[in-house]
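Per chain, numbering begins at 1; letters A, B, ... match sequence-line order.
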Amino acid sequence: MDIGQLFVDLAKDSGFAGLFTGAGWQNLVMIIIALVLLFLGIVKKFEPLLLVGIAFGMLLSNLPFGEVFHPEMWNTEGDVDYATVLQKGGLIDILYIGVKTGVYPCLIFVGVGAMTDFGPMIANPKSLLLGAAAQLGVFTAFFLAVCIGFDGREAASIGIIGGADGPTAIWLTKSLAPHLLSAIAIAAYSYMALIPLIQPPLMRLIVPKKERAIKMGQLREVSKTEKIIFPIMVTVFTVMLLPSVAGLLGCLMFGNLLKETGVTERLSDTAQNALMNIVTLFLGISVGATAVGATFLKKETIYIILLGLFAFAFSTIGGLLFGRLMCKLTKGKINPLIGAAGVSAVPMAARVAHTEGLKANPESYLLMHAMGPNVAGVIGSAVAAGILMSVFG
Amino acid sequence: MLLANENIGILDSLLLSAVSMGIIMAILFLIMMMIYLMSWAYRQFKKKQAEKAGKPIVAEAPAEGGENGAPREATAPGSCGELKLVKTSEADAAMIMAIVADNLGEELNTLRFKEIKLVENPEKTEGDK
């Protein structure tokens with residue numbers, strides 16, 4: 001036995017050697033990006049629950065010869081061969097099945113629904129319109145992406161970043177443009193974390209101080225019966241109208257029904273905590289793992305990052321402009337700032353609207369009013385994704 | 001499905017964007033109308049239920065300062081509407097109401113209190129000196 005040759009072979013098979021052969025430099029760049037994302041998630045606390053998982057998945061799949069994820073099994077022209085995935089796939093290949101089949105985003109929506117109180121929206125149904133107006137960024141980014149040269153399916157996936165809803169973005173992208181999944185997921189979650197930096201300048205630019213200082217009246221109390229009827233009614237109506245939203249919206253409303261019935265507390269608790277945590281864990285690591293150097297380090301990724309920023313900004317602008325319109329129509333009873341909360345991103349966007357309102361008028365408490373458009377934005381972005389899925393899916 | 005295998009032009013994408021925004025607005029507007037309808041139906045149902053139970057129905061006042069102008073939720077059967085507290089805590093008000101009911105020898109839920117107000121700076125009488 002040649003001990004010297006053994007060490008040479010071991011060295012050749014090591015990941016260190018892999019970094020300096022072929023496309024190894026791309027893996028090295030991706031490892032650095034993963035470390036930066038880990039820093040942002042852990043130290044800066046940018047959406048840490050997902051960003052840490054995404055970054056670690058990215059790190060894991062870019063360590064040479066790790067074989068935990070095989071992009072070639074998934075980036076096929078035809079249907080994915082799940083038998084091969086189960087027989088020869090690595091750990092993350094198996095976890096990725098949940099992304100590819102759209103199971104994880106829907107399960108996350110069960111948890112989101114179980115954590116969401118639609119009360120402020122039911123108390124002030126007009127806030128639904130703000131949630132609709134704040135989808136402007138989705139279609140602005142979609143249009144810009146087509147102008148840049150992305151095809152319709154890719155442009156639709158990029159546009160949905162403007163919905164500021166990670167699971168929705170993943171749900172649509174895994175069907176329409178799976179090769180862009182990692183870039184879109186990272187852009188969506190990063191910008192959601194950056195909402196406190198993106199929205200306030202736009203709020204001050206678009207809404208004059210007099211309107212920002214508007215103090216809104218107390219919302220009416222919503223009965224338990226209304227809260228129970230609401231998810232059932234919305235599911236039946238919306239899915240009948242737009243069947244492609246059945247998975248996302250159905251799960252969102254199912255989770256909410258578990259919360260509101262009062263007789264399924266254990267299930268609601270599981271959806272809010274255990275289920276949500278497990279799925280978040282699997283989703284983060286498997287989406288991150290798709291960011292392998294060969295598919296991620298392209299100029300398209302930079303376009304996606306920039307278009308994502310446009311999408312967020314235009315969604316905010318859409319909500320604010322419609323908020324101003326509603327302010328005029330109601331003769332100053334609605335503070336336009338709550339329109340910015342229509343971009344989904346619960347509850348971050350509502351908090352930002354509240355904070356900006358407080359700055360303009362220390363006696364103005366907008367949080368509950370902003371929660372209406374905020375949860376309406378979740379419905380709005382699911383509907384937007386459903387429309388894009390119907391057109392391009 | 002419609003454009004699954006087709007590329008989309010700039011004009012088509014602009015048109016699709018406008019139509020999609022319109023559809024989103026329409027769907028969320030319809031949900032809004034359904035919520036209004038549901039709230040209205042629920043209030044009517046509660047009102048009829050209260051009527052059947054033979055309890056006095058308190059007219060619903062519009063939501064005070066509410067930006068949507070939606071009427072306030074019907075009060076619970078047996079309730080006599082709202083009690084205005086002026087510089088009085090809820091605990092004090094509850095005690096005062098219990099004392100009044102006890103002194104009158106009436107059930108508390110058969111009495112109607114409109115306002116409980118703390119009278120400040122009462123002029124002291126001779127006997128108080």
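- When each of A133(A), G131(A), G386(A), A145(A) is scored by its heavy-atom pairs under 4.5 Å with chain B, the top score falls to A133(A).
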List the atom pairs, with distances to 0.1 Å, where a side-chain N or O of residues 372-382 of chain A and a protein N or O form a donor-acceptor pair under 3.5 Å, not counting sequence neighbours.
unit_1, atom_1, unit_2, atom_2, d
N374(A), ND2, A341(A), O, 2.8
N374(A), ND2, S344(A), O, 2.3
S381(A), OG, G377(A), O, 3.0
S381(A), OG, V378(A), O, 3.1

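- Looking at F143(A), both its backbone and its side chain come within 4.5 Å of chain B, counting heavy atoms on both sides.
- Between V138(A) and M21(B) the shortest side-chain heavy-atom distance does not fall below 4.5 Å.
- For the side-chain contact (heavy atoms from CB on, under 4.5 Å) with V391(A), the lone residue among V19(B), L16(B), I8(B) that qualifies is L16(B).
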* What do the steps show when you test T225(A) against F45(B) for side chain to side chain contact (heavy atoms under 4.5 Å, CB included), and what is the final call? -> CA-CA 11 Å; T225(A) 312; F45(B) 175 73; over 6 Å; no
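- Contacts between F322(A) and chain B at a heavy-atom distance below 4.5 Å involve the side chain alone, from C-beta outward.
- Proximity to chain B at a heavy-atom threshold of 4.5 Å picks out T238(A), L241(A), L242(A) from residues 238-254 of chain A, in numerical order.
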* To do: Step by step, work out the side chain to side chain contact (heavy atoms under 4.5 Å, CB included) result for Q135(A) and S20(B).
  => CA-CA 10 Å; Q135(A) 304 310 314; S20(B) 301; over 6 Å; no
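- Considering every non-hydrogen atom in both K126(A) and M32(B), the closest pair reads CA-SD, 3.7 Å.
- Only the side chain of F142(A) comes within less than 4.5 Å of a heavy atom in chain B; its backbone stays farther off.
- Here the side chains of L129(A) and F29(B) are in contact, with some heavy-atom distance below 4.5 Å.
- Two residues are said to be in side-chain contact when any heavy atoms from C-beta on lie closer than 4.5 Å; K46(B) and S223(A) fail this criterion.
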* Test side chain to side chain contact (heavy atoms under 4.5 Å, CB included) on I31(B) and F237(A) and set out the steps. => CA-CA 8 Å; I31(B) 295 176; F237(A) 173 73; 3.9 Å; yes
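- Here D151(A) contributes atom CG and S13(B) contributes atom OG; the two are 12.0 Å apart, rounded to the nearest 0.5 Å.
- Nearest heavy atoms, M38(B) versus I229(A): SD-CG2, 3.4 Å.
- For the pair I35(B) and P125(A), the tightest heavy-atom approach, listed with the atom from each and the gap, is CG2-CG, 3.6 Å.
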